[in-house]
Amino acid sequence: MDLRAVRGMKDILPEHVGQWHRLERTFRAAAERHGYAEVRTPLLEPTELFVRQIGESTDVVEKEMYSFERHGDALTVRPEGTAGVARAYVQNAVQGKEPVSRWYYLGPMFRAERPAKGRLRQFHQAGCELFGDPGPVCDAELIGLVAEVVGELGIGDYRIHVNSIGSKAAQARYREALRSHFAPIAGSLSEDSRRRLQTNPLRILDSKSPEDAAAIAAAPTATELLDGDDAAHFQGLCRYLESLELPFVVDPKLVRGLDYYTRTLFELRTTTDELGAQSALAGGGRYDGMVESLGGPAVPAIGFAMGLERLLALMPEAAAAAGPHCYLVTLGEPTHAPALRLASRLRQAGLRVELDARAASLKAKLRRADGLRASLCLLLGEGELARGVVTVKDLARHEQWEVSLEEAPRSLGTRLAEGPPPAGAGSRDG
RNA sequence: GUGGGUAUAGCUCAGCUGGUUAGAGCACUGGAUUGUGGCUCCAGGUGUCGCGGGUUCAAAUCCCGUUACUCACCCCA
């Protein structure tokens, strides 16, 4: 086969879409309970949007974006959701319509990384963005929302990591403090970390190289350097998380790879190894400067995104998808047209009907009805046709009877409404 | 981008230090039951052994190259 899906981009086959729907339903319901409404923004944005908001020297911008030029416009397929949503917020002057906006989104993101376990080039995120509230009450509430969704999905093995890197000014001070801490010992650092000393010393902190471990442990932490307002904000966040009874760990080494964050940072990390070397299920933080840097007023904002493939990998197996109510089997060409009409009338009555007019044996068709977990199998042969009836077979109860073609939609509708057949058979909800 | 691993039937995989017609399970089809399923039994496979080259009397097996997938680094969802 020479035409395959692009590397790192996967087909989601019908057998898995039930799980996706469950995940999306759970997320939407939780977000809407918290007052969030869905926003849909384009997959393509001006390249400049991501370069300026995510940061020129970040990995995402330096090497992971799908960028191209078309009709003179430099465009990029979105690598994340926040920048586009913030752009939409500013462009539509939403701050003038309401003091606080709660928006959620759902969809594919694209990063041209080398794929690995838990990491794809097209992956899906669901996220929330809250504009107009500086926190920290809403920060805690937002983290609570993420935990709620993850918990409802049946995922329990995770930890909430929280940190604060302060305002942009505090970050600049912190960067300097890290530089003066690491510069004298640069010789003992890993090659990557020596490079990061120049580009972004914050990210030395999440280096996993053993040679960096001691230097990182001795490094100053961001929270130590927070000034009055920043420190109070972070203390408030921790206090509110406690009052929500959300277990969390303060993780001074939590530094995220996007430049736009201010103050609050958080991640939900799985404590299992189901995701290989990856561990983040969801991540987010505050980005108080973004709206203003996009040309809007100084509106504070916070948000998060969850990786849907990663959540799916940790979700417990769901029950089998519901089969059809009726599996309608024809026997012989003369029954085809009447069967088509019967199927259509049954569907009008609200039933899920699958018609099997293959030339295969009755045995093969019944086997298929069974494999699909159909509730009822309907047999329409020439004998039935002559008598104006259809044979109805309850696959779970091993009973069969005839009903007139005329009466079938009403009779079968009633029968199916009576409830599921005995255990182990019939339809189940996913 | 840099490394490691893998590549045999639709799927999951056996196939030993090279040896003649390349196997199993699952799935699928037919039959046992001329129109009755899940269990059982019987039967059914012409598969570019990823691709190209090399070594050899002989290559799925050894060597080289190449492509794809995968895992790890990096970074993140």
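A, B, ... follow the sequence lines: proteins, then strands. Residue 1 opens every chain.
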Whole angstrom is fine here: how far is it from CG in Leu328(A) over to C1' in G35(B)?
-> 15 Å
For Lys117(A) and C69(B), give me the distance from atom NZ to atom C1', rounded to whole Å.
-> 14 Å
Take atom CD in Glu32(A); do more than 12 heavy atoms of anything else shown fall under 6.0 Å from it?
-> yes
Roughly how far apart, to the nearest Å, are C28(B) and C39(B) at atom P?
-> 10 Å
Given Watson-Crick or G-U pairs with both distances under 3.5 Å, what dot-bracket string fits RNA chain B, with | for other-strand pairs and [ ] for crossing?
-> (((((((..((((.....[...)))).(((((.......))))).....(((((..]....))))))))))))....
When all nucleic acid strands are considered with a 4.0 Å heavy-atom cut-off, which category describes Glu384(A): base, sugar-phosphate, or nothing?
-> base
Contact class for Leu308(A) vs. all strands (heavy atom < 4.0 Å): base, sugar-phosphate, or nothing?
-> nothing
More than 12 heavy atoms from other groups under 6.0 Å of CD on Glu56(A) = no
Shortest non-hydrogen pair, Arg159(A) vs Thr271(A), comes out as NH2-CG2, 3.7 Å
Pairwise P distance, A60(B) and A77(B) [rounded to whole Å] = 48 Å
Across the strands shown, which category fits Ala282(A) at heavy-atom distances under 4.0 angstrom: base, sugar-phosphate, nothing?
-> sugar-phosphate
N or O in side chain of Lys10(A) less than 4.0 angstrom from U70(B) OP1/OP2 | yes
Could you tell me the separation between the CZ atom of Arg368(A) and the P atom of U36(B), rounded to a whole number of Å?
-> 21 Å
Candidate nucleotides G30(B), C71(B), A77(B), ranked by approach to the side chain of Ala364(A) - the nearest | G30(B)
Pairs flagged by ring-ring contact (aromatic ring centres under 6.0 Å, His included) wherever residues 23-63 of chain A is involved - sequence neighbours left out = Phe27(A)-Tyr104(A)
Is there a donor N/O on one and an acceptor N/O on the other, under 3.5 Å, for the side chain of Gln278(A) and the base of A72(B)?
-> no
When you check the phosphate oxygens OP1 and OP2 of U70(B), does a side-chain N or O of Arg7(A) lie under 4.0 Å from one of them?
-> no
Atom-to-atom span, CG of Asp11(A) to C1' of C69(B) - whole angstrom | 14 Å
Could you measure between the two C1' atoms, the one in C51(B) and the one in A43(B), and give it in whole Å?
-> 36 Å
Confirm from the modelled atom types if Arg119(A) and C74(B) form a donor-acceptor pair under 3.5 Å, side chain to base only.
-> yes
Rounded to whole Å, the CD-P distance (Glu129(A) to A77(B)) equals 12 Å
Touch check for Lys393(A), heavy atoms < 4.0 angstrom, all strands: base, sugar-phosphate only, or nothing?
-> base
Roughly how far apart, to the nearest Å, are A9(B) and C49(B) at atom P?
-> 9 Å
If we take the C1' atom in both C62(B) and U17(B), what is their distance in whole Å?
-> 11 Å
Contact class for Gly383(A) vs. all strands (heavy atom < 4.0 Å): base, sugar-phosphate, or nothing?
-> base
Roughly how far, to the nearest 0.5 Å, is the CD atom of Gln122(A) from the OH atom of Tyr66(A)?
-> 9.0 Å
When every non-hydrogen atom of Lys365(A) is compared with those of Ala360(A), the smallest separation belongs to CE-O, 3.6 Å
Nearest-Å distance, CG (Asp370(A)) to C1' (C28(B))?
-> 16 Å
Could you say whether Gly8(A) or Arg310(A) is positioned toward the 5' end of RNA chain B, judged by the nucleotide with the nearest heavy atom to each?
-> Gly8(A)
Residues from residues 261-277 of chain A lying under 4.0 Å of RNA chain B - heavy atoms = Gly276(A), Ala277(A)
In whole angstroms, the gap separating P of A77(B) from CG of Leu23(A) amounts to 17 Å
When the aromatic ring centroids of Tyr287(A) and Tyr261(A) are compared, is their separation below 6.0 Å?
-> no
Given the P atoms of C63(B) and G4(B), what is the spacing between them in whole Å?
-> 15 Å
Think Arg114(A) has a side-chain N or O under 4.0 angstrom from the OP1 or OP2 of U70(B)?
-> no
Heavy atoms from other residues, nucleotides or ligands near CZ of Arg52(A) exceed 12 (cutoff 6.0 Å) | no
Side chain Ser180(A), main chain Glu176(A), donor-acceptor under 3.5 Å = yes
Could you check whether Gln400(A) gets within reach of a base, just the sugar-phosphate, or nothing at all, counting any heavy atom under 4.0 Å?
-> base
RNA chain B: Glu399(A) or Ala360(A), which has the more 5' nearest nucleotide?
-> Ala360(A)
Please give, in whole Å, the distance from C74(B) P to Arg256(A) CZ?
-> 17 Å
Could you please name the option among C71(B), U36(B), A77(B) that lies closest to any side-chain atom of Arg111(A)?
-> A77(B)
Checking all strands, does Thr58(A) fall into the base, sugar-phosphate, or nothing category for heavy-atom contacts under 4.0 angstrom?
-> nothing
Side chain of Lys363(A), base of U36(B): donor and acceptor closer than 3.5 Å?
-> no
Closest to the side chain of Leu395(A), out of G35(B), C69(B), G37(B), is G37(B)
Per Ser361(A) side chain, nearest of listed nucleotides U29(B), G30(B), A77(B) | G30(B)
Considering only atom P, compute the distance from A24(B) to C41(B) and round it to an integer number of Å.
-> 16 Å
Considering only distance and modelled atom types, tabulate donor-acceptor pairs under 3.5 Å from the side chains of residues 7-16 of chain A, sequence neighbours left out.
none

Distance between C1' atoms of A7(B) and G47(B) (Å, rounded) | 14 Å
Base, sugar-phosphate, or nothing: which does Gly371(A) touch, judged by heavy atoms less than 4.0 Å apart?
-> nothing
Just compare A68(B), G35(B), A77(B) and give me whichever is closest to any side-chain atom of Thr391(A).
-> G35(B)
Return yes when atom CZ of Arg387(A) has more than 12 non-hydrogen atoms of other residues, nucleotides or ligands closer than 6.0 Å, and no otherwise.
-> yes
Taking only residues two or more places apart in sequence, or in another chain, which ones meet Phe266(A) in a ring pair (Phe, Tyr, Trp, His ring centres under 6.0 Å)?
-> none
Can you list every pair that meets salt bridge (charged side-chain N to carboxylate O under 4.0 Å, His left out) and has a residue in residues 309-328 of chain A, with sequence neighbours left out?
-> none
